[in-house]
Asks: 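Can you keep this structure in mind? I'll have questions shortly.
Values below: every heavy atom of this structure, side chains too, minus hydrogens, waters and symmetry copies. Here the structure is a predicted model, which is why all the values come from computation and not from measurement. Each chain gets a letter, A, B and so on, in the order the sequences are listed, and its residues count up from 1.
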Protein chains: 2
Amino acid sequence: MDRSDALDDPRLTLAGLFFETHDGLTAHLSRRLEADFGMSHQTFEVLLRLARSPDQRLRLSDLAAQVTMSASGLSRAVDRLELEGTVARVACPTDRRSVYAALTDEGRARVDALLPTHLEHLEEEFTGPLDAADRADLERILRRLRDHVNPEAVRASTFADDAVPR
Amino acid sequence: MDRSDALDDPRLTLAGLFFETHDGLTAHLSRRLEADFGMSHQTFEVLLRLARSPDQRLRLSDLAAQVTMSASGLSRAVDRLELEGTVARVACPTDRRSVYAALTDEGRARVDALLPTHLEHLEEEFTGPLDAADRADLERILRRLRDHVNPEAVRASTFADDAVPR
DNA sequence: CCCTTATCATTGCGTCTGCAACCATTGTTT
DNA sequence: AAACAATGGTTGCAGACGCAATGATAAGGG
């Protein structure tokens, strides 16, 4: 309580809470994904995005934007998934610079197998302690924040969306 | 829209929104911290925690828990900070296994110098688009989630807290 | 049409991270 | 008090990431 009372700034508190929650959550989820399926959380996010995309495929650069990774990081991630057999690189017919990452049948099966367990984990670690009103508030606020920090994402979007707060 | 409509599960939507927001936010903040001060976001969190702790110091294991890092990761992070001169390792008098990480005067000066700019960034990227009610809702919800995923943190806590939603 | 600029993906390199193994110290059991 | 278990920290190792440089293709301007 000398100089720098800025340490108690409410914005800092809120941000700290946000990061702490995120880190705790991903720690739990990562451990469980790793233990149950030998898969990192990032990898899972990649597969999930592909599963939700039209024709189960996405250009590498778009995928990178959606999961907030660098182009190089994603390229290597796709390398690993390709070795695993869950994703295949497919040439883009209209632009020879671009490459699609496409979910294979095995990849899709993998996601389908993972999902129920993952949803249980989410329920336990994340949505469990929140009632319906909390979840609605959180969704509304996160949408606003997401649109602000990542306006690009709106186009291909998290998905369906337009699920307006109502 | 075949099998696996689980892809549209609202829990998954909410989690996706949460991670996307987090990643976007840290991407922005990291870039700015790196550009303005040559410091990673993790490193900044470490210094911040120390600055807020009694006597500006914390045992390595407690610090690791607070910033959600492994013991090894944190040990090396402290190595780097020690080289930089912002943190010093101090032997714990009551338990010879433990080591304190203590903020040096230079470290404290560094934090004081960083903070105003960082708060501006937070305002721009994070709290800006939220009105007072949103911020209150978000804080309430995050506290509940944080306590759920990281119950340990409550003791030494993010800090002051008891700032009840009111 | 050619030349310049921008975009997409990949690779070399350095850095950060976690896991597991390890050593030192503390607490506990008998 | 001796043996055993638990805790705190550090280090070897390998995995994953981002940045910058590179090569290929596409788009625009004169």
Side-chain angles (χ1 to χ4, degrees), chain A residues 19 22-24 26-35 38-47 57-84 87-102 152 156, chain B residues 19 22-24 26-35 38-47 57-84 87-102 152 156:
Chain A
F19 294 134
H22 172 271
D23 291 350
T26 48
H28 283 276
L29 293 178
S30 294
R31 253 192 297 276
R32 304 188 79 156
L33 275 172
E34 195 69 52
M39 177 179 296
S40 80
H41 188 250
Q42 266 290 1
T43 302
F44 180 63
E45 284 287 337
V46 169
L47 293 182
R57 70 191 54 197
L58 231 40
R59 290 174 36 216
L60 290 197
S61 53
D62 292 333
L63 184 51
Q66 285 199 20
V67 299
T68 329
M69 278 179 70
S70 69
S72 70
L74 184 82
S75 181
R76 297 183 200 274
V78 171
D79 287 347
R80 295 190 292 273
L81 291 172
E82 217 172 6
L83 277 181
E84 234 187 41
V87 163
R89 278 182 167 86
V90 178
C92 173
T94 69
D95 184 340
R96 273 190 298 180
R97 290 170 304 181
S98 297
V99 178
Y100 283 115
E152 305 303 322
Chain B
F19 293 134
H22 172 271
D23 292 349
T26 48
H28 283 276
L29 292 178
S30 293
R31 253 192 297 276
R32 303 188 79 155
L33 275 171
E34 195 69 52
M39 179 179 296
S40 79
H41 188 250
Q42 266 290 359
T43 302
F44 181 64
E45 283 287 336
V46 168
L47 293 182
R57 69 189 55 197
L58 231 40
R59 291 173 36 218
L60 290 197
S61 52
D62 293 333
L63 184 52
Q66 285 198 21
V67 298
T68 328
M69 276 179 74
S70 70
S72 71
L74 183 82
S75 181
R76 297 182 200 274
V78 171
D79 288 347
R80 294 190 291 273
L81 290 172
E82 217 173 5
L83 277 181
E84 233 187 42
V87 164
R89 277 183 168 86
V90 178
C92 172
T94 69
D95 184 340
R96 274 189 297 180
R97 290 169 305 183
S98 295
V99 178
Y100 282 114
E152 306 303 321

Asks: Can you list, by residue number, the residues of residues 92-100 of chain A that have a non-hydrogen atom closer than 4.0 angstrom to DNA chain C?
Replies: Arg97(A), Ser98(A), Val99(A)
Asks: For the atom pair CE (Met39(A)) and OG (Ser30(A)), what is the distance rounded to the nearest 0.5 Å?
Replies: 12.0 Å
Asks: Return the OH to CG distance between Tyr100(B) and Asp62(B), rounded to the nearest 0.5 Å.
Replies: 8.5 Å
Asks: Rounded to whole angstroms, how far apart are CD on Glu84(A) and C1' on dG15(D)?
Replies: 14 Å
Asks: So do the side chains of Asp95(A) and Arg59(A) get within less than 4.5 Å of each other, counting heavy atoms only?
Replies: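 Not in contact.
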Asks: Answer yes or no: is there a side-chain heavy-atom contact under 4.5 Å between Arg57(B) and Val99(B)?
Replies: no
Asks: Nearest 0.5 angstrom please: Phe19(B) CZ to Gln42(A) CD, how far?
Replies: 10.0 Å
Asks: Relative to the ring of His22(A), is the ring of His22(B) parallel (under 30°), tilted (30 to 60°) or perpendicular (over 60°)?
Replies: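 Taking His22(A) first and then His22(B), their aromatic rings lie parallel (interplane angle under 30°).
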Asks: Treat primed atoms plus P, OP1 and OP2 as sugar-phosphate and everything else as base, then score nucleotides 12-21 of chain C 5' to 3': B for base contact with protein heavy atoms under 4.0 Å, S for sugar-phosphate contact only, - for none.
Replies: BB--SBBB--
Asks: Quick one: Arg89(B) CZ to dG8(D) C1', roughly how many Å, whole number?
Replies: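 For the pair Arg89(B) CZ and dG8(D) C1', the rounded distance is 12 Å.
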Asks: Does OP1 or OP2 of dA9(C) have a side-chain N or O of Ser61(A) closer than 4.0 Å?
Replies: yes
Asks: Nearest-Å distance, CG (Asp79(A)) to P (dA9(C))?
Replies: 13 Å
Asks: Side-chain contact, heavy-atom cut-off 4.5 Å: Leu33(B) with Thr43(B)?
Replies: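 No - every pair of side-chain heavy atoms lies 4.5 Å or more apart.
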Asks: How many angstroms lie between atom OG of Ser75(A) and atom CG of Leu63(A), to the nearest 0.5 angstrom?
Replies: 11.0 Å
Asks: Between atom CE in Met39(A) and atom P in dG15(D), what is the gap in whole Å?
Replies: 17 Å
Asks: Under 4.0 Å from OP1 or OP2 of dT7(C): is there any side-chain N or O of Arg59(A) that close?
Replies: no
